[in-house]
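Written out below as structure tokens is the structure these notes cover.
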Number of protein chains: 2
Amino acid sequence: MPHAAAATPQLLRRVNAQAVLRHIRGADVATGTELMALTGLTRASVIAVCEDLIGRGWIVEQDQPADPASPRKGRPARRFAFNRGAGFVLGLDIGAATTTAAVADLRGTVIGRSSGSFRAADIPAQERIGVVDLACCEALEAAGADPGRVLAVGAGIAAPVDRDGNVLVTQRFWSLFDVGLRSALKELHGWTVLLENDANLAALGERWRGSGVGVDDLVVLLAGERLGAGVMESGRLLHGRGGAAGEMGYLDMVEGVGSSDGIAALVRQWSAAGGGPSAGGPASAPRVFADAAAGDPAALAILDRISERMARVIASIASLINPEQVVIGGAVAESAGALLPGITALLPRFTATPPRVTVSPLGDAIVTAGAVRHALDYVEANALELALPARG
Amino acid sequence: MPHAAAATPQLLRRVNAQAVLRHIRGADVATGTELMALTGLTRASVIAVCEDLIGRGWIVEQDQPADPASPRKGRPARRFAFNRGAGFVLGLDIGAATTTAAVADLRGTVIGRSSGSFRAADIPAQERIGVVDLACCEALEAAGADPGRVLAVGAGIAAPVDRDGNVLVTQRFWSLFDVGLRSALKELHGWTVLLENDANLAALGERWRGSGVGVDDLVVLLAGERLGAGVMESGRLLHGRGGAAGEMGYLDMVEGVGSSDGIAALVRQWSAAGGGPSAGGPASAPRVFADAAAGDPAALAILDRISERMARVIASIASLINPEQVVIGGAVAESAGALLPGITALLPRFTATPPRVTVSPLGDAIVTAGAVRHALDYVEANALELALPARG
DNA sequence: GGTAATTTAGATACAAGCTAAATATATTGC
DNA sequence: GCAATATATTTAGCTTGTATCTAAATTACC
């Protein structure tokens, strides 16, 4: 049996340092007195902790601001600021056809971005990894960030990933890809890669900087090339046994209707109508919506039909998970706004606990935003264990 | 802003005492050396912690066993044992028609049980509370347990309860009942009542002492008077925004089929066929199963139909939550065994991640078992904050 | 411009809890 | 009875915390 780590005095420092760091991170700059109030520690302890954190590189002591704007009495306080440039994180959105990499500082501000496309669907894993690596390096270059200062990489893929960040072997394609990707980036740059399902990352992103800020029970529908849901309950991502929570590809059949009438079909239909990423047909989404606004019965019927399907899916989620809010994101999001009133109106007919329904404002960046957040979560949780590379 | 409790040296003792107590609870009796190995602490600390726990009444020092069966060399070790009689917990199953109370010691062994019925559906809350209180007192009497030594009361009701143990005001009937129940039991006996949804408690019970032991991603379908699901993900109960997670009453409509064909109808149909609690019609469940076994086409058709409905419900859960196992419990459980092969065979057609499906072995006690576990969880989590009443 | 008031910083004394190492105690085996 | 063995207890020292007192730096005021 493994040791249950004994609580030694050092644990106290770690706990208190985490608390202090969390507050400084949230407040941009903090004084000892503020930290005393926030943490409940004495001044002596707060100062000791801050000195510790300065030594580790996580915070820096700021000069006194020469601004007469805030003239306060008494001896000026030492000002401790979060060192947002102590390192960087990468957020990756690895799709079937393209990959996007985003570089962010430790506050999550994106300071570099780059995309790359895969030449074909059946290229060898080595080439795929090369495209991803190139996107990462280009994004770092654009940000002026040293690859050696990347503390973690969050990566979203369109496959189930369990809560330990592993892809099931049964997912043959992604499995091979992943094994190679993770070890390749580790060997090339020494990076730690944290894999997650793309819909789960979308949920993280939406709760962080989307329309679900502060919502603990949140579901994000990521509809585009495929349909997946990222489910957060009590502020935590749900994975299920094999990471397949929210994989609704098969819901079609469950609905008891022919699969040609199900969700996947809905997305296809929508896409064919110009709402999806591969738009271009004569019946474009804008035209359908315009026609509907003008009162065209055929266009209205299409919208009604789509709204009802969406409402049924959301109601099914509401009955099982009871989220406070459901966000529609992904490629279909830009067209989804017009459907909201219809969906919202239908929901009470299908569920006793209808959630608020919104459309994601994050657009294409929904997965990379979540990937950045995922990497930051890891860095923040392990801050005191991670050694910051010395400033070059 | 509230103080984030500062980590003081006392926290160490609390953490280590919890760890030691947890191990002693699991091992029945432990020596200092064993605890050193399990916790990673030094002997001095382990002994100090144990002395502390003895003083608080949670553990007792056992006499040396005069058994030559285990003749060991060296100085005999002090033997610390969990004081399972330091207090008691109550587990309540509060149904629409009846209430059952179970008394258990701190190991969860049920040592007393009693039930009571409500005279009618519309009796005043005061009378309802009286029935519940009487069942509690009778169960305690049967167990020979002093009501003053009850440390917590877990109570399951057939309504949504949020993760703080509160019933939504919109649930008018249960809301009134609960407010009265909680304060009444507090005033009468000083008990702390922990409310939970009955299906959620069924999940706790099933993971504790049912067919889901050790399963972290578990769903329990509680089918009887109504249909509800208790969902555990990563070993935690899911509540959702208002505690309505798993309330599948409305799934009928979502399935896109007439509600007369849905789940509630399934349960009604099953019940009418004698599978439910209100059995008694001429077409009893045993007869249907017997006929089916004899090859009767009509009976076989009924079973097939029910199996397919069950499979669709479970598949819907599998697609959204991806549990490792689904347990069928409640009044229909006794008849459900015969359906398992059919359900299991159908599942792969409806979901890519079919869970293992089993039938609960807990019978009527499924909710009280979970209620006891719920109360024990509370007691164990707050052991060092709870003052044990002095031995009478 | 000196002085009081105010606010923060730093230093000292002490308490809680843990480790480590030396010493004491109780039992078995010969 | 004595060695071997396993456990218990004691003592010194480390880390981290609190509490309290004194020092420093700035503003406000006369």
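Within every chain, numbering begins at 1; the chains are lettered A, B, ... in the order of the sequence lines, protein sequences first and strands thereafter.
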Per-nucleotide protein contact string for nucleotides 5-10 of chain D, where B marks a base within reach and S marks sugar-phosphate only (heavy atoms under 4.0 Å, - for neither)
BBBBB-
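- Rounding to whole angstrom units, CG of residue A:Leu11 and P of D:dG17 are separated by 10 Å.
- Within the structure, every pair that satisfies the salt bridge (Lys or Arg N to Asp or Glu O under 4.0 Å) test and touches residues 378-390 of chain B, not counting sequence neighbours, is listed here: B:Arg14-B:Glu385, B:Arg25-B:Glu380, B:Arg373-B:Glu380.
- For the pair A:Arg14 CZ and D:dG17 P, the computed distance is 13 Å after rounding to whole Å.
- In this entry the distance linking CG of B:Asp52 with C1' of C:dC18 reads 14 Å, nearest Å.
- Taking side-chain N and O atoms only, A:Ser45 has a distance below 4.0 Å to OP1 or OP2 of D:dT18.
- Between the side chains of A:Thr33 and A:Arg43, at least one donor-acceptor pair of N or O atoms lies under 3.5 Å.
- Computed from coordinates, the A:Asp63 CG to D:dA25 C1' distance equals 16 Å when rounded to whole Å.
- As a whole-Å value, the separation of A:Leu41 CG from C:dT8 P is 16 Å.
- Salt-bridge formation is detected for the pair A:Asp216/A:Arg207: a Lys NZ or Arg NE/NH1/NH2 atom is positioned less than 4.0 Å from an Asp or Glu carboxylate oxygen.
- Regarding contacts with the backbone of C:dG17, every side-chain N or O of B:Asn16 stays at 4.0 angstrom or more from both OP1 and OP2.
- Comment: A:Glu51 engages A:Arg78 in a salt bridge, judged by a side-chain N to carboxylate O separation of less than 4.0 angstrom.
- In this structure, B:Leu35 places its CG atom 16 Å from C1' of C:dC18, rounding to the nearest Å.
- Under the ring pair (Phe, Tyr, Trp, His ring centres under 6.0 Å) criterion, B:Trp208 pairs with no residue, sequence neighbours left out.
- Taking 4.0 Å as the cut-off between side-chain N and carboxylate O, B:Asp28 and B:Arg107 count as a salt-bridged pair.
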